[in-house]
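Since the structure comes first, as structure tokens, the remarks are kept for the end.
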Amino acid sequence: MTATIVPTKPIAGQKPGTSGLRKKTPVFMGKDYLENFIQSIFDVVGAQGKTFVLGGDGRYFNDRAAQVILKMAAANGAARVIVGQGAILSTPAASHLIRLNKTDGGIIMSASHNPGGPTEDFGVKFNMANGGPAPESVTEAMYQRTTTISAYKILTAPDVDLATIGRSTLGGMIVDVVDPVADYADLMETLFDFAAIRAMFAKGFAMRMDSMCAVTGPYAVEILERRLGAASGTCVNATPLPDFGGMHPDPNPTWAKALMDEMFSAAAPDFGAASDGDGDRNMVVGRGIYVSPSDSLAVLAANAHLAKGYKGGLKGIARSMPTSAAADRVAAALGIPAYETPTGWKFFGNLLDAGRATICGEESFGTGSDHVREKDGLWAVLLWLNILAVRGQSVAAILAEHWARFGRNYYSRHDFEAIETAKADAMMAALRASLPSLAGRQIEGMTISAADDFAYTDPVDGSVSRNQGVRILFADGSRIVLRLSGTGTEGATLRLYLERYVAGPEGLDHDAQDALAPVIRAAHLLAGIAAHTGRQAPDVIT
Ligand code: G1P
Ligand code: ZN
């Protein structure tokens, strides 16, 4: 086996976004594309003598990419790679393995909730030794490296057997193929009261877990059906497939429609949940009631002390700026700090590492805690189950009590997808230019109290992130946020976030879109969405 140095040339556009480098699969499969990016990662973080974790969500090209990455790690002098059997690891499980084994980081192959397949999306991201996504300084250095790269190193060797658990060597590097599920499932047992949840299932509690033919299937079957005794068949779409069975593994009411339909049918089970391509996102639904991610974060934070892993209370709650302020009200009631960070899980890393926040969440179906450094779909599902088991109430009853106590932050996100980038940029530029003149203006019967472009100073390292999204705040507590997605692969996606606060107990039972109607109209008027983009209505509403 010899390490070959292969001459290459920079390929334009290998710039990682919020969640690593994400492109159409054929682009990733193009000559030297994967190789250049992986070499750039190793050139920046250093591979000599290091140990890494490797795994992915099982999408098309996952298996081939894993072999390339292993051979490149060996040629670059890595000491050891821990890889999930079949090159499978959910993102939270990879984060856990990085931390558990005190490794130097990990490479996760995933395009998260984007569809997979020969003509769909693929992605690669690097996580640091703390288990969390590489910070911008590191991903920027990787990008810079891709612009000057002239060669990559790869071992000429037969493929590694990734189907069999056990240790082998590749050149001078150790390859440990591990069960992708076991360590993660053990971690969950340390956080949650499995006996109480098992007793609830034994009494007939019914659940549907939709893994959307993506990575959480094996995790869900092991934890829910085997360890917790949920009825067999609780987990559906539980085999990870290269094309996710044609599903769009994005757990929201639009894409997890089958689950939504079941949960709103006469035969609905007590609880439903879905997760995304790489297992870091979750959607939870009660019988006949949808739980918005912002509400889910607030309810989890308010009840976390009921689970053994959090019985000592929370140190703080962090949410991304566009996430509703429902969690802030819980933090205030608990007398703990609330943090508002830019969009992207990596901004929670410092708060978690510094012990300032215990639970974090984003409106984009992401919730998690300091047990790993990624959001964690099954973790959220298990915390919900733990809370349901202890409180013995329905999801609907728990939400009603929550809103009666804290008030309700009506919330929705409207996505306008695949807009021509120039038009979306022009719209945001015009809106940003109008911000200084907005305060005091009346619109749709509401008064604008402030308008700005969100900037964040990290309380731990003092770093500043600017231009993180336009915020228009109203005197009655309503809020409009607009920003462009950093994870799309086609044109620009405009995200419009809408929020309105109603103090309990009056007016808590409206439909969110109805309750938000004036806020929605105000957003269209202020941003001129139709005039700039030609779009009257969103493509996806969550
Ligand atoms: C989206 C979500 C964001 C999440 C990210 C990665 O990013 O909005 O909350 O952290 O995916 O899962 P966006 O496309 O909005 O930049
Ligand atoms: Zn994901």
Side-chain angles (χ1 to χ4, degrees), residues 1-3 29 34-35 38 47 49-110 116 122 124 127 131 154-189 211 213-223 225-227 235 237-245 277-279 378:
M1 277 179 241
T2 48
M29 295 177 74
L34 174 68
E35 289 83 349
I38 297 299
K50 295 204 166 164
T51 297
F52 298 110
V53 166
L54 173 66
D57 61 17
R59 70 180 62 222
Y60 187 82
F61 191 49
N62 186 86
D63 49 352
R64 293 304 317 147
Q67 297 290 348
V68 170
I69 294 168
L70 285 170
K71 290 170 193 176
M72 289 187 67
N76 278 277
R80 178 180 171 221
V81 174
I82 300 166
V83 47
Q85 185 181 24
I88 293 283
L89 281 178
S90 75
T91 287
S95 182
H96 178 52
L97 284 182
I98 291 169
R99 296 163 64 78
L100 181 70
N101 296 287
K102 300 195 167 47
T103 68
D104 300 291
I107 293 175
I108 302 174
M109 301 169 289
S110 171
F122 192 79
V124 168
N127 280 29
I154 190 161
L155 206 66
T156 307
D159 282 356
V160 179
D161 172 11
L162 296 180
T164 314
I165 289 173
R167 175 167 285 195
S168 62
T169 55
L170 180 62
M173 184 179 84
I174 292 170
V175 178
D176 280 320
V177 177
V178 301
D179 178 338
V181 176
D183 288 320
Y184 175 83
D186 292 348
L187 174 66
M188 294 300 114
E189 289 211 38
S211 290
C213 300
V215 81
T216 61
Y219 296 84
V221 170
E222 169 65 20
I223 296 171
E225 296 188 11
R226 295 213 187 94
R227 297 198 187 189
C235 303
N237 297 317
T239 305
L241 300 173
D243 65 349
F244 302 133
D278 62 332
L378 280 171

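Please read all numbers here as calculations on a predicted model, not as lab measurements. Atoms considered below: every heavy atom in the structure, side chains included; atoms not considered: hydrogens, waters and symmetry mates.
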Using 0.5 Å steps for rounding, measure from the [atom1] atom of [X] to the [atom2] atom of [Y].
{"X": "L100", "Y": "I98", "atom1": "CG", "atom2": "CD1", "value": "11.0 Å"}
{"X": "M109", "Y": "L34", "atom1": "CE", "atom2": "CG", "value": "9.0 Å"}
{"X": "D63", "Y": "I88", "atom1": "CG", "atom2": "CD1", "value": "9.0 Å"}

Minimum heavy-atom distance between [X] and [Y], given as atom pair plus value:
{"X": "D183", "Y": "H96", "answer": "O-NE2, 3.4 Å"}
{"X": "N62", "Y": "G86", "answer": "ND2-O, 4.0 Å"}
{"X": "A87", "Y": "A66", "answer": "CB-CB, 3.7 Å"}
{"X": "G277", "Y": "D57", "answer": "O-CB, 3.3 Å"}
{"X": "P158", "Y": "K71", "answer": "O-CE, 3.8 Å"}
{"X": "G279", "Y": "P92", "answer": "O-CG, 3.5 Å"}

For Y60, does the OH atom have more than 12 heavy-atom neighbours from other residues, nucleotides or ligands under 6.0 Å away? no
Residue among I223, V221, T216 satisfying side-chain contact (heavy atoms from CB on, under 4.5 Å) with C235: V221
L70 and side-chain contact (heavy atoms from CB on, under 4.5 Å): which partner among I154, V160, L155? V160
Where the side chain of [X] meets the backbone of [Y], is there a donor-acceptor pair that is under 3.5 Å apart?
{"X": "Q85", "Y": "V178", "value": "no"}
{"X": "S211", "Y": "A238", "value": "no"}
{"X": "Y219", "Y": "S90", "value": "yes"}

Indicate whether any N or O donor in one side chain lies under 3.5 Å from an N or O acceptor in the other, for T103 and T51. no
Is R80 salt-bridged to D104, going by a charged N under 4.0 Å from an acidic O? no
Compare all side-chain heavy atoms of L378 with those of Y184 and state whether any distance is below 4.5 angstrom. yes
